[in-house]
2 protein chains.
Amino acid sequence: MLSDRQRMILTAIVDDYVRSAEPVGSRSISKRSGVTFSPATIRNEMADLEELGLLEQPHTSAGRVPSNKGYRYYVDHLITPGGVSEEDVRKVRAFFAEKMLLWEDVIGHAATMLSQLTHYTSIVLGPEMFQTTLKHFQLVPLNEQSAVAIIVTSTGHVEHRTMPIPEGIDVADLGKVVHLLNDKLAGVPFHRVKSVLHSEVAEELARYVDRCQEILEVLEDSLAEKKDPRVYLSGAANMLTQPEFKDVDKAKLILDTLEETAALSKLLQPDSGGIQVRIGTENAMEAINQCSLITATFSLDGQNLGTLGILGPTRMEYGKVIGLLEYLSNDLAALIARRIK
Amino acid sequence: MLSDRQRMILTAIVDDYVRSAEPVGSRSISKRSGVTFSPATIRNEMADLEELGLLEQPHTSAGRVPSNKGYRYYVDHLITPGGVSEEDVRKVRAFFAEKMLLWEDVIGHAATMLSQLTHYTSIVLGPEMFQTTLKHFQLVPLNEQSAVAIIVTSTGHVEHRTMPIPEGIDVADLGKVVHLLNDKLAGVPFHRVKSVLHSEVAEELARYVDRCQEILEVLEDSLAEKKDPRVYLSGAANMLTQPEFKDVDKAKLILDTLEETAALSKLLQPDSGGIQVRIGTENAMEAINQCSLITATFSLDGQNLGTLGILGPTRMEYGKVIGLLEYLSNDLAALIARRIK
DNA sequence: TTTAGCACTCGACTCGAAAGAGTGCTAACG
DNA sequence: CGTTAGCACTCTTTCGAGTCGAGTGCTAAA
């Protein structure tokens with residue numbers, strides 16, 4: 001357990017270091033308003049905090065820097081529950097007002113906004129279809145060989161996929177199949193679609209439709225195929241403004257990682273709902289062991305609609321970012337809820 | 001007009017500099033196989049080439065570097081029409097074989113492949129819908145307030161957009177409208193959709209359908225709205241491997257630019273079909289005045305289907321990239337042609 | 001016209017000295 | 001006993017001088 005003074009000093013060091021990116025010395029802390037003790041006292045406390053593993057020294061005769069453990073303590077116990085600045089609220093409002101018309105792009109634009117507001121990198125995951133239920137689906141024939149499947153999920157997410165039509169299949173037959181499937185599949189979770197197709201639908205369908213086996217097969221491919229959720233990335237270049245990545249090689253390592261959307265989608269996969277903070281080596285991926293990732297899920301009736309993520313250096317404005325993510329994820333959830341009513 | 005020897009020297013300098021990123025000295029050229037004259041002779045020629053503005057010297061006592069004008073001459077007159085290596089052909093084949101099933105993502109994946117094959121940054125533009133014609137469109141109602149419009153263009157491109165349903169409109173009415181519109185609008189270029197809706201459709205529709213004015217309005221918004229073509233970016237981090245961008249600030253400038261998709265879409269807009277090379281300051285955007293952009297359009301019956309772009313430092317493997325783009329753009333065009341038959 | 005020779009230029013690298021920031025320790029103080 | 005002043009010490013950063021080496025331009029000879 002830390003004393004009040006130790007907590008105060010740790011807070012000061014984190015705050016200072018986040019701002020300046022330079023090791024924090026005892027003198028600069030003693031000069032803060034509200035500090036009544038001398039640099040020497042602070043040095044003693046700092047030595048104690050270092051022994052506890054909360055601080056580190058880049059080298060003798062440098063100031064102190066928070067360790068990962070230090071950041072963790074800060075986030076868990078010291079953080080000031082950051083409200084969102086009035087200006088940011090205004091920007092968010094303005095943004096949604098403008099972008100609501102192009103609903104398809106709204107999540108992508110949210111990513112852009114996040115990176116602009118925070119000056120960090122934002123990574124946003126769209127809904128993972130596989131975990132939602134099918135609400136409605138429809139086929140629109142394109143030509144002899146292909147059709148577009150439009151899929152609507154219970155969360156109001158719409159997606160289309162082109163699929164091949166087996167040689168010589170009648171369009172009318174397809175229509176019948178789709179009609180029947182909508183009855184059977186509405187409300188079925190995607191991860192069960194495959195088995196439902198096999199167990200319940202196949203036989204009945206076979207009575208009405210020729211060659212239904214072939215039709216079911218292509219439908220399976222386009223409907224039930226597991227796909228990674230869409231990944232929206234924005235502000236990756238913001239990483240380059242951080243002094244910890246002034247070395248191009250380090251920066252390249254991270255930016256390369258950021259281009260692998262599959263890896264990102266795994267990285268953001270939340271353990272649970274709400275806000276999560278992963279500091280430095282707490283992140284599974286080695287390339288971002290110098291970074292912290294803060295994520296927030298937004299959901300509707302317990303169904304996960306997506307994840308907002310902010311990636312920055314471990315030396316990051318945790319309070320501000322957490323506040324913003326909390327605010328924005330609630331906003332987005334509310335927006336989607338209102339939309340599908 | 002350059003002498004054969006001058007052309008040979010310029011070629012050697014460009015090739016060497018592209019490989020090494022270091023100013024090329026007379027000595028290193030004279031050592032090349034096939035070179036029969038001494039460094040002194042080459043120095044004389046180099047001085048002449050510099051006077052012509054084709055070469056530059058970073059400072060006295062350094063070797064020579066091609067100027068933008070030098071690259072231009074190289075691209076226009078000296079380039080060896082680069083074939084595509086067998087290995088690359090194999091990779092492209094393998095790639096298409098694998099990705100054809102997920103047709104929706106094929107262009108995006110093509111971008112990824114381009115950046116991986118070239119180690120440069122690839123920027124790919126999807127089809128500009130506004131220049132194609134409408135082939136078919138359909139509405140799928142989502143709930144009381146909204147529907148999805150599926151739009152199919154003559155080039156086989158499919159797109160969906162959510163649109164609001166005006167309060168209290170009958171779904172059956174909507175169906176009628178869509179049916180009628182498909183007759184009227186099929187084959188109409190998108191840039192004329194708006195006027196056709198007004199001039200030809202409006203009156204006739206009014207006879208059958210109540211409140212058709214409101215319906216037409218929302219349709220206009222979702223159908224005829226001009227949207228920038230989709231921009232696919234891949235391999236932006238490759239920029240960081242180039243020694244000319246080892247300075248983080250320069251790199252940041254470029255990466256920032258690369259995040260503005262609207263600007264990119266403008267930048268890639270081709271003057272004409274085929275391959276285009278823009279060297280250094282020939283590019284409109286100041287941030288990439290140290291870069292070259294090579295673009296190739298792929299089209300079908302004269303309709304532009306998209307643009308492949310490779311962005312790299314001016315010190316770029318022009319021959320190889322041009323060859324690859326030529327090959328891939330033809331391939332893509334053929335693929336699309338085969339698909340819509 | 002080509003080439004050898006040579007003085008010259010200029011960036012890159014190395015080294016050491018000086019400056020400066022911050023510490024840890026000790027001893028004194030209230 | 002906690003707090004503080006004082007001080008020696010450590011380590012990085014910065015700067016300039018010196019050296020090295022690559023490459024040039026010029027001149028004179030082949």
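Being a predicted model, the structure only gives us computed values, none of them experimental. Convention: sequence-line order gives letters A, B, ...; per-chain numbering from 1.
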Pairing residues for Gln276(B) by the side-chain hydrogen bond (donor to acceptor under 3.5 Å, both in side chains) criterion, not counting sequence neighbours: Ser272(B), Arg278(B)

side-chain hydrogen bond (donor to acceptor under 3.5 Å, both in side chains) partners for Ser265(B), two or more places apart: none

All pairs passing side-chain hydrogen bond (donor to acceptor under 3.5 Å, both in side chains) where residues 111-122 of chain A contributes a residue, at least two apart: Ser115(A)-Ser234(A)

Dump the pairs, protein N or O against N or O of nucleotides 22-24 of chain D, anything under 3.5 Å, distances to one decimal.
from    : atom 1 : to       : atom 2 : distance (Å)
dT24(D) : OP1    : Ser26(B) : N      : 3.3
dT24(D) : OP2    : Ser26(B) : N      : 3.4
dT24(D) : OP2    : Ser26(B) : OG     : 2.7

Spacing between Ile29(A) atom CD1 and dG22(C) atom P, to the nearest angstrom: 11 Å

Closest-nucleotide 5' rank along DNA chain D - winner of Asn44(B) and Glu45(A): Glu45(A)

Enumerate, atom names and distances included, each donor-acceptor pair closer than 3.5 Å involving a side-chain atom of residues 44-53 of chain A, sequence neighbours excluded.
from     : atom 1 : to       : atom 2 : distance (Å)
Glu45(A) : OE2    : Arg5(A)  : NE     : 2.7
Glu45(A) : OE2    : Arg5(A)  : NH2    : 2.8
Glu50(A) : OE1    : Arg64(A) : NE     : 2.7
Glu50(A) : OE1    : Arg64(A) : NH2    : 2.9

Nucleotide dT1(C), atom C1' - distance to CG of Asp48(B) in whole Å: 13 Å

Please list, pair by pair, any protein nitrogen or oxygen found under 3.5 Å from a nitrogen or oxygen in nucleotides 12-17 of chain C.
none

Distance, rounded to the nearest Å, where Glu50(B) contributes CD and dG25(D) contributes C1': 11 Å

Upstream residue (5' side of DNA chain C) when Thr36(B) and Pro58(B) are each assigned their closest nucleotide: Thr36(B)

Partner residues of Lys320(A) under the salt bridge (Lys or Arg N to Asp or Glu O under 4.0 Å) criterion, sequence neighbours left out: none

Partner set under side-chain hydrogen bond (donor to acceptor under 3.5 Å, both in side chains) for Gln290(B), not counting sequence neighbours: none

Rounded distance [0.5 Å steps], CD in Glu260(B) versus CG in Leu267(B): 11.5 Å

Separation of dT12(D) P from His59(A) NE2 (nearest whole Å): 5 Å

Partners passing ring-ring contact (aromatic ring centres under 6.0 Å, His included) against Tyr232(A) (at least two apart in sequence or in another chain): none

Positions of residues 2-20 of chain B (non-hydrogen atom under 4.0 Å from DNA chain C), listed by number: Arg5(B)

By side-chain hydrogen bond (donor to acceptor under 3.5 Å, both in side chains) - contacts of Thr36(A) (at least two apart): none

Distance-only polar pair, side chains of Asp88(B) and Tyr327(B), donor-acceptor under 3.5 Å: no

Given dT12(D), dG11(C), dT3(C), the nucleotide with the shortest approach to the side chain of Ser38(B): dT3(C)

Qualifying ring-ring contact (aromatic ring centres under 6.0 Å, His included) pairs, either residue in residues 7-30 of chain B, two or more places apart: none

